[in-house]
Amino acid sequence: MNKPEILPQNDIAGPAPRHQTTQVMVGNVAVGGGAPIVVQSMTNTDTADVDSTVAQVAALARAGSEMVRITVDREEAAAAVPHIRDALDKRGITTPLIGDFHYIGHKLLTEYPACAEALAKYRINPGNVGFKDKRDTQFSSIIEIANKNNKPVRIGANWGSLDQELLSKLMDENAASATPRDARAVTREAMVQSALLSAARAQELGMPKERIILSAKVSAVQDLIAVYQDLAARSDYAIHLGLTEAGMGSKGIVASSAALGILLQQGIGDTIRISLTPEPGGDRTLEVQVAQELLQTMGFRTFVPLVAACPGCGRTTSTVFQELARSIQDFIRDEMPAWKTKYPGVEELNVAVMGCIVNGPGESKHANIGISLPGTGEAPAAPVFVDGKKFRTLRGPTIAADFKALVIDYIDQRYGAGAKAPAAVTAAE
Ligand code: SF4
């Protein structure tokens, strides 16, 4: 009988080299050309409501969104854009704003020049920029305004609003072909062509490649992967990745992570957006958190200290460990905006919160600081490990608060002004 082949460890591949793209500056943020993969998000407020939109952009920026897109769907929204920019600037928020235009973008950008000026990028959907004879005029008009204002554009094809004339043409050609492909493959080709033909037209109109970003969003994971692989193979435009209509809760997070994770591993993608449907009354910043966690868990960027926690099992029936893991995680995320400047490098920190002695000490030793809480039947003591060595044992009802205080002390000593070397931080019990 043949033995199954076991690959030696060093044959397990890491991420592919990044797909080489042309760098685009969106305001002060570099996208593509080897720049770190950028996290972006989109508001769901009425853009005409300046206060609500400013508040949400500020919340998204505070959560770590490096660019924020706002819809510009009508005159009141276009009129509000410069006021939104001003209000953000007054609060010291420099996050570039991207205008999302459909159907009447050419008109709004022409009639509201202050809006065209305040935005750092315009998003154009080639499937609904106009129809028949008007298409080229309206598309050209947006590109001319972008050229005049030195603004980049994202040409974003979308499966749900795909250019129907192009799709019909490709379907007819396919039907007449000796080896026709299935309709889905033809639709995928139409997505890619829609983005590439529009980008070529923008270049004909004088827009340099350094101001063009492409996307081709689909809601089905396998189609999305195929479309983006094709787009990357056929061009070197900077690429915006996103699964459209990802959905709500765990479904949206899993679908987006699966699709984007595969493409990022293949080196494809310069900026990402996770399109989550928020729960009613839910927090819009979740999409930023998911994007950051995806990039960080895959090793592309670091944003916040990671909290490793065991899943819990029958060996730990108390809720202390879940509560502590949640409390530490929330505490870190809340403090990060201030810590970024106060504690440079703190995003590299690893914290472990473990439920019992089985994996607790081992996992805690791999973290910068970790705690192994007592499982059912264990002595009511929680050893804390710092940089791989046992540091202290916590006991009693204040274990959670005491551990949080130790985490803060560790961060201050390791990353604060006058930080000590790791060995000096550790003072074993
Ligand atoms: S560390 Fe202990 S409590 Fe946590 S999953 Fe493993 S055995 Fe269960």
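In each ligand, atom 1 is the first atom listed, and ligand 1 is the first ligand listed. Quantities reported herein were computed from a predicted structural model and do not represent experimental measurements. Note that these values count all heavy atoms, side chains included, but never hydrogens, waters or copies made by symmetry.
- Using a 4.0 Å cut-off between charged side-chain N and carboxylate O, Lys90 and Asp86 make no salt bridge.
- Under the salt bridge (charged side-chain N to carboxylate O under 4.0 Å, His left out) test applied with Arg188, the options Asp223, Asp230, Asp182 reduce to a single match, Asp223.
- A pairwise comparison of heavy atoms in Arg211 and Lys151 identifies NE-O, 3.4 Å as the closest pair.
- Listed by chain and number, the protein N, O or S atoms at a distance under 2.8 Å from atom 8 (Fe) of ligand 1 are Cys313 SG.
- Of the charged side-chain nitrogens involved, none lies within less than 4.0 Å of a carboxylate oxygen, so that Asp402 and Arg395 do not count as a salt-bridged pair.
- Each of His240, Glu66, Arg273 was compared with Gln40 under the side-chain hydrogen bond (donor to acceptor under 3.5 Å, both in side chains) criterion, and only His240 meets it.
- For Ser41 and Ser65, the side-chain atoms include at least one donor-acceptor pair closer than 3.5 Å.
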